[in-house]
Amino acid sequence: MIFPLKKRKVIRRIGNADCLLVSFRTPIRRRVLDACPNIRYIGMCCTLYNPESSNVDVIEARKRGITVLGVKDYGDEGVVEYVVSELVRLLHGFGNVRWLEESTELTGRKVGVIGLGKTGGMIAEAMRFFGAEVLYYSRTRKPEAEAKGIAYRPLADLLTEAEIICTCLPRNNYLLGEPEFALMGDRKILVNTSVGPTFEVDALKKWLGTCKPAITCVMRPEWAWLVML
């Protein structure tokens, strides 16, 4: 399926429609809304984390009386299952790729979760179930999570302490740059469950170039694994 990205093509496809279904790839900004005044509903075929990170100008659309909705509970269980299964594979060396020299378990490992929304919270709970020590960083403190034993850390402290780091952020949120990667150092596993990168690409490349002695990188459609061996 081809997703239109240029405004003229998007406008031509919408035409006089009053309802629009759109993927996370196609931008619907002010110029499109100006050219398609009949739109009354925009259904985003993806999660709508927050207006600021959306490909749809949600704030402007709602000012015009347009209803904008996203998909709720968008595969969260599957993401958690994938994270757990890949960590087990990497920690035990299944598939001839192992994180450390010896096999290890999640029990007792330090796992840091960046972004404790729906997916991040579920991953944190799963890691706790397997006996990991779970840390989190979020723009706002989560007292309910802390009451369960999920410890808050400032971002710098989390990156330094955690051995396994999971970024669970809205798309277009680039939280990891050169200073953050420098804090992480070697012998870390970085898991990205977001739709798109949560890091500055050049900073990531530089970090990968400094990690010794070897690096294995396994990419997935909507999230990435970076394993320091």
Among residues at least two apart in sequence or on other chains, which ones pass salt bridge (charged side-chain N to carboxylate O under 4.0 Å, His left out) with [X]?
{"X": "R29", "value": "none"}
{"X": "K7", "value": "none"}
{"X": "E125", "value": "R128, K148"}
{"X": "R153", "value": "E161"}

With rounding to the nearest 0.5 Å, note down the distance linking [atom1] in [X] to [atom2] in [Y].
{"X": "I189", "Y": "M184", "atom1": "CD1", "atom2": "CE", "value": "10.0 Å"}
{"X": "T26", "Y": "L20", "atom1": "OG1", "atom2": "CG", "value": "8.5 Å"}
{"X": "S103", "Y": "L90", "atom1": "OG", "atom2": "CG", "value": "11.5 Å"}
{"X": "E180", "Y": "F199", "atom1": "CD", "atom2": "CZ", "value": "13.0 Å"}
{"X": "W99", "Y": "L91", "atom1": "CH2", "atom2": "CG", "value": "6.0 Å"}
{"X": "R139", "Y": "L155", "atom1": "CZ", "atom2": "CG", "value": "13.0 Å"}

If the condition is side-chain contact (heavy atoms from CB on, under 4.5 Å), which residues does [X] pass it with, not counting sequence neighbours?
{"X": "K6", "value": "none"}
{"X": "L183", "value": "A156, L159, T160"}
{"X": "T140", "value": "S138, K142"}

Name each donor-acceptor pair under 3.5 Å that joins a side chain in residues 31-41 to protein atoms two or more places apart or in another chain, with its distance.
{"residue": "D34", "atom": "OD1", "partner": "R64", "partner atom": "NH1", "Å": "2.9"}
{"residue": "D34", "atom": "OD1", "partner": "R64", "partner atom": "NH2", "Å": "2.6"}
{"residue": "N38", "atom": "ND2", "partner": "N16", "partner atom": "O", "Å": "3.2"}

*Mind checking what makes ring-ring contact (aromatic ring centres under 6.0 Å, His included) contact with Y152, not counting sequence neighbours?*
Y136
*What residues, two or more places apart in sequence or in another chain, satisfy ring-ring contact (aromatic ring centres under 6.0 Å, His included) together with F94?*
H92
*Among I28, L69, V56, whose side chain to side chain contact (heavy atoms under 4.5 Å, CB included) with M44 holds?*
V56
*Step by step, would you call I150 with L135 a side-chain contact (heavy atoms from CB on, under 4.5 Å)?*
CA-CA 6 Å; I150 300 171; L135 316 173; over 6 Å; no
*Is it true that a side-chain atom of T210 and a backbone atom of W207 form a donor plus acceptor pair closer than 3.5 Å?*
yes
_Flag, side chain of R98 to backbone of E101, donor-acceptor distance under 3.5 Å_ = yes
*What is the minimum heavy-atom distance between M127 and L87, and which atoms define it?*
SD-CD1, 3.8 Å
*Write down the atom of A203, the atom of G177, and the distance for their closest heavy-atom approach.*
CB-C, 3.7 Å
Please examine the side chains of [Y] and [X], heavy atoms only from C-beta on, and report whether any two atoms are closer than 4.5 Å.
{"X": "R89", "Y": "V97", "answer": "yes"}
{"X": "F181", "Y": "L176", "answer": "yes"}
{"X": "T193", "Y": "V83", "answer": "yes"}
{"X": "R25", "Y": "N55", "answer": "no"}

*Counting only heavy atoms not in E102, do more than 12 fall under 6.0 Å of its CD?*
no
*If you draw a 6.0 Å radius around CD in E81, do more than 12 non-hydrogen atoms from other residues or ligands fall strictly inside?*
no
Flag yes if [X] and [Y] sit in one hydrophobic cluster, no otherwise; membership is Ile, Leu, Val, Met, Phe, Trp, Tyr, and two members link when side-chain heavy atoms are under 4.5 Å apart.
{"X": "L100", "Y": "F130", "value": "yes"}
{"X": "L116", "Y": "F129", "value": "yes"}
{"X": "L204", "Y": "Y174", "value": "no"}

Can I get a per-line list of side-chain donor-acceptor pairs under 3.5 Å for residues 162-169, giving both atom names and the distance, sequence neighbours left out?
{"residue": "E163", "atom": "OE1", "partner": "R109", "partner atom": "NE", "Å": "3.3"}
{"residue": "E163", "atom": "OE1", "partner": "K110", "partner atom": "N", "Å": "2.8"}
{"residue": "E163", "atom": "OE2", "partner": "R109", "partner atom": "NH2", "Å": "2.5"}
{"residue": "T167", "atom": "OG1", "partner": "V191", "partner atom": "O", "Å": "3.3"}
{"residue": "T167", "atom": "OG1", "partner": "N192", "partner atom": "OD1", "Å": "3.2"}
{"residue": "T167", "atom": "OG1", "partner": "T198", "partner atom": "OG1", "Å": "3.0"}

*Under the salt bridge (charged side-chain N to carboxylate O under 4.0 Å, His left out) rule, what pairs show up with a residue in residues 196-209, not counting sequence neighbours?*
E178-K206
